[in-house]
Number of protein chains: 2
Amino acid sequence: MPRTTNPAPLPPPQEGFKVACSTCALRQVCLPTGLPAAEVEQLERMVAVRRPVARNTVLFKAGDAFEAIYLVRTGFFKTAASAEDGREQVTGFQMAGEMLGMDGIFSGAHACGAVALEDSQVCVVPYGRLEDLTREIDRLRRQFLRLMSREIVRDQSVMMLLGAMRAEQRVAAFLINLMRRLRARGFSSSSVVLRMTRDEIGSFLGLTLETVSRTFSRMQDDGLLEVRAREVRVLKPRLLLQLVRRSS
Amino acid sequence: MPRTTNPAPLPPPQEGFKVACSTCALRQVCLPTGLPAAEVEQLERMVAVRRPVARNTVLFKAGDAFEAIYLVRTGFFKTAASAEDGREQVTGFQMAGEMLGMDGIFSGAHACGAVALEDSQVCVVPYGRLEDLTREIDRLRRQFLRLMSREIVRDQSVMMLLGAMRAEQRVAAFLINLMRRLRARGFSSSSVVLRMTRDEIGSFLGLTLETVSRTFSRMQDDGLLEVRAREVRVLKPRLLLQLVRRSS
DNA sequence: CGCGTCCTTGAACCTTTTCAATTCAGGTGG
DNA sequence: CCACCTGAATTGAAAAGGTTCAAGGACGCG
């Protein structure tokens, strides 16, 4: 029995939620970043709707026709690709202000699936209209390309993590990355509530859930962290950083 | 003593080489794919020059200012990122018709470096001009976004490889991917001359060079391959494919 | 309050790495 | 043209790091 409820009757677009980038707390992190007010308004008009996505429901799945880019407004997502043999690999976690679905542009069908890890909301940007608007608004086109490029850079740093780091380094890098992104959004810089299971962390890091758990435990024993189930407090961020940098 | 000659006096752009996408053998694989003749000509005029890149020389390195996108015209490249501790991880191999440098769009500086693995030529596309042209030519804009998206999809499949496969599967997947791309360019579908060392393959696959070598040897013993130094002949492509698919 | 899911921990096993010793290939200079 | 020399590749044996299998415990949700 899969933990995710199926593609399911997607909650219908709720027209009640009018999109208002101009007053959105995320406008400094999100797609409109750097756009002047007038252009933000144009963008707003295009972003059709905000859609709520309940915890453990699928926003899109691999193979779905690609129709829109999504921006996380609130909540937390994971994206995962599945190999031919059925195993799945988590390819990323997305939080508020981050973009989802760019993998679908290439072939017109999504290459990976996205699932909400907590009750979330996304802004839906129909791709056809976005494409049109990127012709008209230079800055938007540039910003969109920048975000695509950021995704590439990110993926490459994950490749580095998976290809050249040992378990302890991977976990440390994962935590540091998470904290950094949370801090950029104004959250506590020392305490996280993980939205994902050990299994999902492991899948993302190329480790088993047991190894993730053991690594957390060892880091706790070493006084680096305080781990209580999903809640992690970083006690010695400096040492955590050194773990990643050191080659040992 | 680095094997690569340094950023070095980059061979000066050779204006003698006039770029001619319209007659290029790669036009079905490259950036102009799908553009009508008139637009291909516009593109041609923009692509400043072709630049020769000698074996083991650096096309760009991490940290270099991002100024242009490169398209491999002939030859073979690797891209590699280096961790804080100095170790480097190969993030990809590029052959004729493939694009290089998209990682630089995000921050304005290249996030990884590119080195020619054999004497090569690239077409240099100044990014500023490309950006302008993507405003004017709808199809070019779409094509460019598609190629960026393809890069994301590719990176994700590498993440899958690194995160969820054992050595034998990784090597099999690597060979299959290589053969597929070569075949798409009209090369033999059963025989490859590898342009990279075992060490570079290993770095890309998250394995040591010894493991790569041993895996080749075992596959040879099993009658899957015939390996003679850099030359690999695939004897049983079917079985190779099954290796990747099977979960065992 | 109970059940299911998630997490932790232990022990044995296995894959891959590490270290070390040859062997091989290809390019250079005599 | 051959001998040499260097970087690359192969192979072996020991060690390490991670996985697998298994059992027990904690937490949260209904």
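Each chain gets a letter, A, B and so on, in the order its sequence line appears, and its residues count up from 1.
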Provide, to the nearest angstrom, the distance between the [atom1] atom belonging to [X] and the [atom2] atom belonging to [N].
X       : N       : atom1 : atom2 : answer
R55(A)  : dT5(C)  : CZ    : P     : 13 Å
Q169(B) : dT15(C) : CD    : P     : 12 Å
E168(B) : dT17(C) : CD    : P     : 14 Å
R228(A) : dT8(C)  : CZ    : P     : 12 Å
M165(A) : dG17(D) : CE    : C1'   : 17 Å
R195(B) : dA8(D)  : CZ    : P     : 17 Å
F216(A) : dT9(C)  : CZ    : C1'   : 16 Å
M219(B) : dT10(D) : CE    : P     : 13 Å

[N], OP1 or OP2 - any side-chain N/O from [X] closer than 4.0 Å?
X       : N       : value
R230(A) : dC27(D) : no
T211(A) : dT19(D) : yes
T208(B) : dT16(C) : no

If you measure from the Lys or Arg side-chain nitrogens to the Asp or Glu carboxylate oxygens, is any gap between [X] and [Y] under 4.0 Å?
X       : Y       : answer
E98(B)  : R181(B) : yes
R195(A) : E118(A) : yes
K61(B)  : D64(B)  : yes

Nearest to side-chain heavy atoms of [X], which nucleotide of [options]:
X       : options                   : result
T197(A) : dG18(D), dC7(C), dA11(C)  : dC7(C)
R198(B) : dC7(C), dA9(D), dT19(D)   : dA9(D)
R166(B) : dC19(C), dT20(D), dT17(C) : dT20(D)

Within the 4.0 Å heavy-atom criterion, would you say S217(A) contacts the bases, only the backbone, or no part of the nucleic acid? sugar-phosphate

Within the structure shown, what part of the strands sits under 4.0 Å from L207(A) by heavy-atom distance: base, sugar-phosphate, or nothing? sugar-phosphate

By nearest heavy atom, map A229(A) and G206(A) onto DNA chain D; which one lands nearer the 5' end? G206(A)

Classify the side chain of E210(A) versus the base of dC21(D) as yes if they form a donor-acceptor pair under 3.5 Å and no if they do not. yes

Is R170(A) side chain donor-acceptor paired with the dG18(D) base, going by distance under 3.5 Å alone? no

Donor-acceptor pair between [X] and [Y] side chains, under 3.5 angstrom:
X       : Y       : result
T74(A)  : S120(A) : no
S82(B)  : Q89(B)  : no
S188(B) : S191(B) : no

Roughly what angle, to 10°, lies between the helix axis at the start of the helix from dC1(C)-dG30(D) to dG30(C)-dC1(D) and the one at its end, five pairs per end? 50°

F93(B) ring center near F77(B) ring center (under 6.0 Å): no

Using 30° and 60° as the class boundaries, would you call the ring planes of H110(B) and F66(B) parallel, tilted or perpendicular? perpendicular

